[in-house]
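These notes are about the structure you will find just below.
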Amino acid sequence: MNYKTVGALRFLLAIPVAAFAHDGGADPGHTAGPADAAEGCAKSTCHVGTGNPQRGSGVEIAFPGGTNYQPGVKQRWTITVDGASGRGYGFQLSVRLGSNELQQAGRIDTVDAAAQVICQDGAVRTGTRVCSASTPIEYATHTRPNTGGNTFTLEWTPPAAASGNIRVYVAGNAANLNGQPSGDRIFLNNYTLAAGGGTTQAPSIRADNPVLQAFSDQAKLSAGTWIQIFGQNLASNTRSWAAADFRDGRAPTALDGTQVKINGRDAFINYISPTQVNAQAPSDDTGEGPVEVQVITPGGTSTTRLAKTKVSPALLTTPTFRVNNRQYVAALFPDFVTFVGRTGLIQGVNFRPAKPGDTIVIFAVGCGPTAPAIGPGLAAPTPAANLSSPVQFRFGDTVATASGFMAPGAVGLCQFNVTVPNVADGDIALSATVDNIGTGQELFTTIQR
């Protein structure tokens, strides 16, 4: 999943970084286009990890006006790599003629120092220089790891005359920055651009797992929780909300023409892209049962349905915290700097195990109503608003003392302060319920006296 939705991830994004493989940009030929390496950079000499490469998602391009181009009219593209999977990001992209994919289509230009253009022979293309006729393909790639975000921007100028379909190949790298090729994630995607007027295309929510809740990637929905909606043409560009999008302290219900409605009520939009929209569900007095989820853009409306429940708790974790096939919860000590886990669990991350009597902090979504009530789209106040429903945490079979409230200053984010009970040392299963509803997650934490 993409953890772009909620403010708590300022903690995860603040993890210190180490060395980065190919921090000067990838060698040419890794976009999985014709004559490229079919697996992209997912190989032992580059980046290896379970499930690599992931095809068709994890890296995406936001095209202005949809997947069309006007001959000779420059476009600005934003490349986004899955922000949940790494702590440093890279990419590589190539653009080919559909009629001959061994030939370059148009010209790629960089926008800032985070990207460069290299030719098929590895030479850096600078100024007005073009790649040679014998090695015509241009590859845009990172110049250094992006550790402050997961996006890159470039410009593409189409051929001056209509050239039929254009094929775009892109690879994304979400690296764990452990100084080794192991444990990184490689994503591959491709697009077809058609010559035309740049008309807006209708959105289409995908049929398989169209809506998943944040943190758990489960098909769950409750009032005030954060959801991810997947599909095509869901937005014309890629971005997250900014301070200027808020009105009178309330989060935006539209970003650049993209809206989400749940049972006809406006949801609050945190992130948009052509293939994913992240939103906070509104308050809904209709109770439990099936509801309509709609994405609305200037191109039209796409609708799906999902079962709504009173609560749908999910605890914060990230794929980075999956080690040796065990998923650890992203729990913090009250200093909000140190994570709970074995020392050295992940290189470059500050961990220490908890001991009985320690208080640890765990974030979540989908925790239900509060007293006093906080409307969706609003940051939680200080002092904190407590959860209305009972909360229970268990370490193995042992019940822990826990309190639940909305995290002050955050939108739709629950915070639990949990006292570690007297349990044995080692990795121990952690489970939680809100209003007797479990998270459905298999999570662990580490205890050591």
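Keep in mind that this is a model prediction, so the values were computed, not measured.
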* Structure fact -> Contacts of Thr78 meeting side-chain contact (heavy atoms from CB on, under 4.5 Å) (sequence neighbours excluded), chain-then-number -> Ala62, Thr80, Thr151, Thr153, Thr238
* **disulfide bond (SG atoms under 2.5 Å apart) contacts in which one or both residues fall within residues 218-263, not counting sequence neighbours** => none
* Could you name each residue pair satisfying salt bridge (Lys or Arg N to Asp or Glu O under 4.0 Å) that touches residues 429-438, not counting sequence neighbours? => Lys310-Asp435
* Structure fact -> Here the gap from Gln280 atom CD to Ile227 atom CD1, rounded to the nearest 0.5 Å, amounts to 10.0 Å
Please tabulate, one pair per line, all N/O donor-acceptor pairs under 3.5 Å involving side-chain atoms of residues 337-346, not counting sequence neighbours.
{"residue": "Thr338", "atom": "OG1", "partner": "Asp335", "partner atom": "OD2", "Å": "2.9"}
{"residue": "Thr338", "atom": "OG1", "partner": "Asn350", "partner atom": "ND2", "Å": "3.1"}
{"residue": "Arg342", "atom": "NH1", "partner": "Tyr328", "partner atom": "OH", "Å": "3.0"}
{"residue": "Arg342", "atom": "NH1", "partner": "Asp427", "partner atom": "OD2", "Å": "3.3"}

* Residue list, ring pair (Phe, Tyr, Trp, His ring centres under 6.0 Å) with Tyr139, at least two apart or on another chain -> none
* salt bridge (Lys or Arg N to Asp or Glu O under 4.0 Å): which pairs involve residues 361-381, sequence neighbours left out? -> none
Run the side-chain donor-acceptor check on residues 298-306: report pairs under 3.5 Å with partners two or more places apart or on a different chain.
{"residue": "Ser302", "atom": "OG", "partner": "Ile205", "partner atom": "N", "Å": "2.8"}
{"residue": "Thr303", "atom": "OG1", "partner": "Gln294", "partner atom": "NE2", "Å": "3.3"}

* Where at least one partner belongs to residues 235-282, residue pairs that pass disulfide bond (SG atoms under 2.5 Å apart), sequence neighbours excluded -> none
* Is there any ring pair (Phe, Tyr, Trp, His ring centres under 6.0 Å) pair reaching into residues 410-449, and which pairs are they, with sequence neighbours excluded? -> Phe393-Phe416
* To do: With sequence neighbours excluded, give me every disulfide bond (SG atoms under 2.5 Å apart) pair touching residues 418-449.
  => none
* To do: Identify, with sequence neighbours excluded, every residue that meets side-chain contact (heavy atoms from CB on, under 4.5 Å) alongside Asn165.
  => Thr192, Ala194
* **Of all pairs that satisfy disulfide bond (SG atoms under 2.5 Å apart), the ones with a partner from residues 313-379, not counting sequence neighbours** => Cys367-Cys414
* Check step by step if side-chain hydrogen bond (donor to acceptor under 3.5 Å, both in side chains) holds for Asn417 and Thr359. => CA-CA 6 Å; Asn417 290 349; Thr359 295; over 6 Å; no
